[in-house]
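Notes follow once the structure below has been shown.
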Amino acid sequence: MAKILCVLYPDPINGYPTDYARDSIPQITQYPDGSSVPTPKAIDFTPGQLLGSVSGELGLRKFLEAQGHELVVTSDKEGPDSVFDRELPDADVVISQPFWPAYLTAERIAKAKKLKLAITAGIGSDHVDLNAANQHSITVAEVTYSNSVSVAEHDVMQVLALVRNFVPAHDVVRSGGWNIADIVEHAYDLEGMTVGVVGAGRIGQAVLRRLKPFDVNLFYNKRHQLSTELEQELGATYIKDVHELAAKMDVVVLCPPLHSETYHLFDTEMINSMKRGAYIVNDSRGELVDRDAIVTALKSGQLAGYAGDVWYPQPAPADHPWRSMPHEAMTPHMSGTTLSAQARYAAGTREILEAFLANKPIRPEYLIAEGGQLAGTGAKSYTVKKGQDTPGSGHKE
Ligand code: NAD
């Protein structure tokens, strides 16, 4: 029988909800590329309910315990005395979420002698040291596409929030004021601007598709150019060199995974090569950018705004400089864990577990690493290098 150790973010401060703002969520049956949403044999939860926090348990307890498996769910993930560290040595499966990541460093992997599968309940497995996982032949899987559109919607919202200066405008309303000039001295229309998406995969393409009706000039970068048909549908032009893209854009949206090629991609040099007054939106991973370079550029006016919902480490400390820098539209890491997204990644986690527990292959698009090497989606989107600078590799800011 397997032991499944699941790390989720804490319940709401006022307790697990007893009712919700809406009675149902729309039923999505397939993703934009035609692939199917998760297809577990059954689910034991009501879509639209809070599944991503500890009491929600991703809706897994009934299913696992009915088969005699052990499920441990905790939010206590930091330090040698944490529940996570105590339970890890005999866990067969670890489930973690990027929103509240249980960093699976090489050190922790070395202690997890029975670990065979690390599931990301969501997308993005940089919290796992992929080198160490490969050395120990641990399968790493995530629920590909489950929250890509959720994040793309957030990206578009933050582009508009920055360019139109929404957050300070809203603050004026909340504080009883009405000084319009103070707000509009930093507010523009998005129409006509040049927008570039770095790492135009599932999220990035969804961002391009959503921005097209705003009559902007769209560009993108990724490892391989998209087909001519798709480029025409999205109305976007390929720029292979990310430096060239950065220098031309009014707005840059960062969408690649975090790995050795993308770590601190937007550092002081790259930011200083951008147009003065450019904007950056980053809902992908905090360490795609240099934390302090962002703060400096916002203070000097080199950047007109920065928005994102990804930080390092997570949870971010109370004194993290991104909490108090000017011209920001930050959120805590939540873009990919709306109630809508949770229903999909909870179902996908169950689908992966069903396959693993029945000794059946996991869908290739869910795979990041398997059998000691990158696999499936991981082989297309990640690189592994010794000493890679990702949180999972134990890197400290
Ligand atoms: P994806 O695999 O579909 O797309 C990633 C794209 O990045 C691919 O097209 C790949 O070719 C490209 N890429 C990889 N390395 C690159 C490089 N060096 N330069 C340029 N492009 C590069 O994944 P996705 O669903 O679009 O998700 C992307 C990332 O977004 C995830 O890895 C994760 O870090 C992040 N994410 C964040 C949240 C959130 O809640 N904020 C949720 C989901 C995903």
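One is the number of the first residue; the rest follow in order along the sequence. In listed order, ligands and their atoms are each counted from 1. All heavy atoms count here, side chains included; hydrogens, waters and symmetry mates do not.
- At a cut-off of 3.5 Å, with distance as the only test, no side-chain donor of Thr74 or Asp76 sits close to an acceptor on the other residue.
- Judged by a 6.0 Å distance limit and a 45° cone about the ring axis, Arg285 is not positioned over the six-membered ring of Trp311.
- Applying the under-4.5 Å side-chain rule to Ile, Leu, Val, Met, Phe, Trp and Tyr, the cluster around Phe166 extends to Val167.
- Grouped with Phe45 in one hydrophobic cluster are Ile43, Leu51, the linkage being side-chain heavy-atom contacts under 4.5 Å among Ile, Leu, Val, Met, Phe, Trp and Tyr residues.
- The CG atom of Asp283 sits 6.0 Å away from atom OG1 of Thr331, with the distance rounded to the nearest 0.5 Å.
- Grouped with Ile28 in one hydrophobic cluster are Tyr31, Val37, Tyr145, the linkage being side-chain heavy-atom contacts under 4.5 Å among Ile, Leu, Val, Met, Phe, Trp and Tyr residues.
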I'd like the atom pairs linking ligand 1 to the protein - N or O on both sides, separation under 3.5 Å - with distances to 0.1 Å.
residue: ligand 1; atom: 2 (O); partner: Ser381; partner atom: OG; Å: 2.7
residue: ligand 1; atom: 3 (O); partner: Arg202; partner atom: N; Å: 2.9
residue: ligand 1; atom: 3 (O); partner: Arg202; partner atom: NH1; Å: 2.9
residue: ligand 1; atom: 15 (N); partner: His259; partner atom: NE2; Å: 3.0
residue: ligand 1; atom: 18 (N); partner: Glu261; partner atom: OE1; Å: 2.8
residue: ligand 1; atom: 25 (O); partner: Ser148; partner atom: OG; Å: 3.0
residue: ligand 1; atom: 26 (O); partner: Arg202; partner atom: N; Å: 3.2
residue: ligand 1; atom: 26 (O); partner: Ile203; partner atom: N; Å: 2.8
residue: ligand 1; atom: 30 (O); partner: Ser284; partner atom: OG; Å: 3.2
residue: ligand 1; atom: 34 (O); partner: Ser284; partner atom: O; Å: 3.3
residue: ligand 1; atom: 40 (O); partner: His333; partner atom: NE2; Å: 3.0
residue: ligand 1; atom: 40 (O); partner: Ser335; partner atom: OG; Å: 3.3
residue: ligand 1; atom: 40 (O); partner: Gly336; partner atom: N; Å: 3.1
residue: ligand 1; atom: 41 (N); partner: Asp283; partner atom: O; Å: 2.8
residue: ligand 1; atom: 41 (N); partner: Asp309; partner atom: OD1; Å: 3.2
residue: ligand 1; atom: 41 (N); partner: His333; partner atom: NE2; Å: 3.1
residue: ligand 1; atom: 41 (N); partner: Ser335; partner atom: OG; Å: 3.1

